[in-house]
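Following: one structure in structure tokens, then a few remarks.
For ligands, and for the atoms within them, numbers begin at 1 and follow the listed sequence.
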Amino acid sequence: MVTSPLIGVLALQGDVREHVRALEAIGARTMLVRTRAHIDEVDGLILPGGESSVIDKLARAFGLQDPIRRAIADGLPVYGTCAGMILLADRIVDGIVGQQSFGGVDMAVRRNAFGGQTESFETTLEAPAIGGAPVTAVFIRAPVVEESGPLVETVAHLPDGRAVAVRQGNLLATAFHPEVTEEHRFHEMFLAIVRSHVDGGDGTGARAPL
Ligand SMILES: NC(=O)CC[C@H](N)C(=O)O
């Protein structure tokens with residue numbers, strides 16, 4: 001394709017601006033997503049960090065839950081950070097009463113797995129799947145992946161082995177926030193997934209057969 005893919009950032013609550021800046025830094029076109037029509041326009045969607053229970057409620061109030069679930073089922077590439085990871089999880093542990101997710105990734109995530117705001121921390125992670133230097137990762141009331149199905153690939157993990165970045169097909173999720181550091185490799189990886197999808201890829205990151 002000639003033009004850069006159009007990446008939407010779900011703009012109901014959370015660190016929307018930080019994602020827009022990270023996407024602009026890697027040359028993607030961006031759009032704030034607030035309506036069903038916007039979802040149809042974008043080549044990929046980012047679910048930002050914030051508060052997953054609030055984003056869930058607002059998405060349902062604005063009639064976006066079904067369109068987003070449908071888009072995910074149809075193969076739209078989606079990248080979720082922190083609250084966004086929770087929204088992509090098929091199963092939430094310790095959600096608030098009635099909390100729902102969009103789902104799509106066959107995993108259970110535990111909300112606030114490391115404690116509250118004051119237990120936020122920065123650490124260095126090995127991320128063999130993205131290669132290069134270790135990742136500086138910021139965790140803010142972050143979730144962790146407690147269990148996942150066979151299609152879920154671990155992209156980065158804690159020293160104790162728990163997954164904090166995962167991919168399943170066109171869906172990418174990180175428990176931490178690359179959008180608040182100068183760490184662009186996850187957004188780059190997402191953009192590659194989007195490009196492959198736009199070009200007719202199958203969601204594995206491999207080129208479609210000619
Ligand atoms: N930084 C974040 O996105 C925090 C996520 C928050 N704990 C939630 O449940 O949504």
Side-chain angles (χ1 to χ4, degrees), residues 7-23 30 32-34 44-62 64-65 68-69 72 78-125 127 135-148 152 154-158 162-168 171-187 189-190:
I7 310 293
V9 181
L10 186 65
L12 301 176
Q13 189 269 336
D15 68 345
V16 174
R17 224 173 315 162
E18 286 76 4
H19 276 289
V20 169
R21 261 186 237 127
L23 289 165
T30 64
L32 301 185
V33 168
R34 293 203 173 96
L45 179 66
I46 286 191
L47 308 176
E51 174 48 51
S52 57
S53 59
V54 172
I55 298 174
D56 163 44
K57 268 194 201 144
L58 292 173
R60 282 190 273 157
F62 294 133
L64 294 175
Q65 187 193 59
I68 291 175
R69 284 183 172 172
I72 289 172
V78 182
Y79 173 27
T81 64
C82 202
M85 171 185 253
I86 297 167
L87 287 159
L88 279 177
D90 283 347
R91 299 171 292 285
I92 302 174
V93 183
D94 260 8
I96 68 160
V97 177
Q99 180 170 356
Q100 298 179 16
S101 64
F102 303 128
V105 180
D106 178 13
M107 64 178 173
V109 299
R110 177 175 294 278
R111 283 179 70 232
N112 303 340
F114 305 96
Q117 192 78 20
T118 50
E119 276 87 44
S120 297
F121 62 100
E122 188 174 310
T123 190
T124 304
L125 299 173
V135 171
T136 301
V138 176
F139 290 81
I140 305 167
R141 289 183 299 116
V144 77
V145 179
E146 291 220 324
E147 50 93 0
S148 58
V152 181
T154 296
V155 176
H157 55 81
L158 294 168
R162 287 183 295 172
V164 284
V166 294
R167 176 176 176 186
Q168 180 179 336
L171 306 176
L172 179 66
T174 59
F176 49 91
H177 297 273
E179 72 278 14
V180 304
T181 58
E182 291 299 301
E183 174 56 73
H184 293 315
R185 284 175 290 175
F186 294 90
H187 288 79
M189 183 184 202
F190 182 58

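With respect to the salt-bridge test (charged N to carboxylate O, under 4.0 angstrom), the residues Glu147 and Arg91 qualify.
Under a cut-off of 6.0 angstrom, the local environment of CZ in Arg17 is sparse, with at most 12 non-hydrogen atoms contributed by other residues, nucleotides or ligands.
Thr81 places no side-chain N or O within donor-acceptor distance of the main-chain N or O of His177, the cut-off being under 3.5 Å. For the pair Asp90 (side chain) and Gly104 (backbone), a donor-acceptor distance under 3.5 Å is present.
Considering CG of Leu171 and CE of Met107, their distance stands at 8.5 Å, rounded to 0.5 Å.
Annotation: ligand 1 has protein neighbours Gly49, Gly50, Glu51, Ser52, Cys82, Ala83, Ile86, Arg111, Asn112, Ile140, Arg141, His177, each with a heavy atom less than 4.0 angstrom from the ligand.
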For residues 114-122, please give each side-chain donor-acceptor pair under 3.5 Å, one per line with the distance, not counting sequence neighbours.
from: Gln117; atom 1: OE1; to: Arg141; atom 2: NE; distance (Å): 2.8
from: Glu119; atom 1: OE1; to: Gly116; atom 2: N; distance (Å): 2.9
from: Ser120; atom 1: OG; to: Gln117; atom 2: O; distance (Å): 2.6

